[in-house]
Amino acid sequence: MKTYTYKANSYDNLYDLAEVLAHDGTFIPRTISDTDLEQLGVVVAEAEEPIEYVRERKIIELKRQRDAAEVEPIEYGGHLYDYDSKARDRIAAAIIALDVQGEGAKIRWTTADNEDAEVTAQDLRMIIAAVAVRSNALHTAYRAAKAKVEAAVTADEVRAVCME
């Protein structure tokens, strides 16, 4: 994280520095280089980012990883089945349709690996059950990783945390 010092005052971002320079009659572009700033009398320094910011970003990253993994295709019966929001709606509708048709009813289903599989309502329920097991494992791994992030003392320790 860069800090800017101009006339004995420190600024955490280029926007605030630009406002001060503008009051002195110097207008700078957002893309100004550090070398050009130094020629204007600004001292540019790299400051360690507060660990709270590093933690926040890491937790967001871990949540995104968890959420992305939750909608990845799921393996069942030797095939991969999509499980995004559209697929969940289709699975729910197919379960209802198969239940209405009675026990033993089957439907041809295009899998995530682009093959046709014949499935029953019970097969589709088992796909949902497999997703629930995976989801629980992902949330457990996320909570453990989040706890490591919160317990970390240094930014490097935070950055090293991953979901297992």
Side-chain angles (χ1 to χ4, degrees), residues 1-4 10-19 29-32 34 44-164:
M1 177 173 126
K2 290 186 181 182
T3 60
Y4 308 93
S10 291
Y11 305 94
D12 292 333
N13 60 68
L14 194 56
Y15 179 80
D16 291 341
L17 173 64
E19 282 190 352
R30 287 182 286 165
T31 57
I32 192 167
D34 293 348
V44 180
E46 286 290 331
E48 183 65 30
E49 184 176 24
I51 194 164
E52 295 81 28
Y53 295 171
V54 178
R55 283 187 183 122
E56 278 180 39
R57 257 195 336 277
K58 186 63 171 188
I59 289 170
I60 290 168
E61 174 189 325
L62 293 168
K63 283 182 184 179
R64 285 184 181 148
Q65 288 173 358
R66 178 201 64 200
D67 293 348
E70 280 190 303
V71 295
E72 287 180 358
I74 188 83
E75 195 279 326
Y76 171 78
H79 293 286
L80 289 175
Y81 292 86
D82 289 320
Y83 206 73
D84 57 15
S85 62
K86 217 179 245 189
R88 286 192 300 272
D89 291 345
R90 288 182 58 236
I91 289 171
I95 289 171
I96 293 168
L98 290 167
D99 282 346
V100 167
Q101 292 176 34
E103 191 174 326
K106 295 181 180 183
I107 189 172
R108 303 283 306 156
W109 196 270
T110 302
T111 64
D113 43 7
N114 207 29
E115 295 183 18
D116 285 338
E118 199 168 79
V119 295
T120 64
Q122 184 59 25
D123 290 326
L124 296 174
R125 286 185 183 98
M126 293 303 293
I127 291 167
I128 295 170
V131 168
V133 169
R134 176 180 70 187
S135 180
N136 185 56
L138 288 167
H139 281 263
T140 300
Y142 165 76
R143 286 191 305 273
K146 183 180 177 188
K148 289 178 185 176
V149 167
E150 291 169 343
V153 178
T154 68
D156 286 339
E157 288 174 350
V158 170
R159 290 183 192 105
V161 173
C162 58
M163 286 200 327
E164 297 173 14

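Below, each value reflects all heavy atoms present in this structure, side chains not excepted, and no hydrogens, waters or symmetry copies.
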Engineer: Just wondering, are more than 12 heavy atoms of other shown residues or ligands nearer than 6.0 Å to CD in Glu19?
Structural biologist: yes

Engineer: Within this structure, what is the OH-CG distance for the pair Tyr142 and Leu62, rounded to the nearest 0.5 Å?
Structural biologist: 7.0 Å

Engineer: Measuring from atom OG of Ser135 to atom CD1 of Ile74, what distance do you get when rounded to the nearest 0.5 angstrom?
Structural biologist: 9.5 Å

Engineer: Distance check, rounded to the nearest 0.5 Å: Glu150 atom CD versus Lys58 atom NZ?
Structural biologist: 13.5 Å

Engineer: Which distance, rounded to the nearest 0.5 Å, do you find between the CG of Leu124 and the OH of Tyr81?
Structural biologist: 7.5 Å

Engineer: Side-chain polar contacts of residues 91-108 - donor-acceptor pairs under 3.5 angstrom, sequence neighbours left out - could you list them?
Structural biologist:
from	atom 1	to	atom 2	distance (Å)
Asp99	OD1	Arg125	NH2	3.1
Asp99	OD2	Arg125	NH2	2.4

Engineer: Is Arg159 salt-bridged to Asp156, cutoff N-O under 4.0 Å?
Structural biologist: yes

Engineer: Could you list the residues that satisfy salt bridge (Lys or Arg N to Asp or Glu O under 4.0 Å) with Arg143, not counting sequence neighbours?
Structural biologist: none

Engineer: Minimum heavy-atom separation for Thr154 to Ile51, with atom names?
Structural biologist: C-CD1, 3.4 Å

Engineer: Do Lys146 and Arg66 have side chains that get closer than 4.5 Å, going by heavy atoms?
Structural biologist: no

Engineer: Can you tell whether the side chains of Glu49 and Arg57 come within less than 4.0 Å, N to carboxylate O?
Structural biologist: yes

Engineer: Taking all non-hydrogen atoms of both residues into account, name the closest pair between Asp34 and Lys2 and its distance.
Structural biologist: OD2-NZ, 2.7 Å

Engineer: Apply side-chain contact (heavy atoms from CB on, under 4.5 Å) to residues Tyr11 and Thr3 and explain how you reach the verdict.
Structural biologist: CA-CA 6 Å; Tyr11 305 94; Thr3 60; over 6 Å; no

Engineer: Work out which heavy atom in Arg88 is nearest to a heavy atom in Tyr83; give both atom names and the distance.
Structural biologist: NH1-O, 3.1 Å

Engineer: Nearest 0.5 Å, what's the CG-OH distance between Leu17 and Tyr4?
Structural biologist: 7.5 Å

Engineer: Stepwise, does the side-chain contact (heavy atoms from CB on, under 4.5 Å) test hold for Asp123 with Thr120?
Structural biologist: CA-CA 5 Å; Asp123 290 326; Thr120 64; 3.3 Å; yes

Engineer: Heavy atoms, side chains only, cut-off 4.5 Å: are Trp109 and Asp116 in contact?
Structural biologist: no

Engineer: With Glu70 as reference, evaluate His139, Arg134, Gln65 under the side-chain hydrogen bond (donor to acceptor under 3.5 Å, both in side chains) test and give the passing residue.
Structural biologist: His139

Engineer: Between Pro73 and Asp82, which heavy-atom pair has the shortest distance, and what is it?
Structural biologist: CG-OD1, 4.0 Å

Engineer: Of all the heavy-atom pairs spanning Thr111 and Ala117, show the shortest one and how long it is.
Structural biologist: CG2-CB, 3.9 Å

Engineer: Is there side-chain contact between Asp16 and Asn13, with at least one heavy-atom pair below 4.5 Å?
Structural biologist: yes

Engineer: Drop me the distance from Glu56's CD to Ile59's CD1, to the nearest 0.5 angstrom.
Structural biologist: 8.0 Å

Engineer: Using a 6.0 Å cut-off, check whether atom CG of Asp89 has over 12 heavy atoms from anything other than its own residue.
Structural biologist: yes

Engineer: Test Asp113 against His79 for side-chain contact (heavy atoms from CB on, under 4.5 Å), laying out the working first.
Structural biologist: CA-CA 7 Å; Asp113 43 7; His79 293 286; 4.1 Å; yes

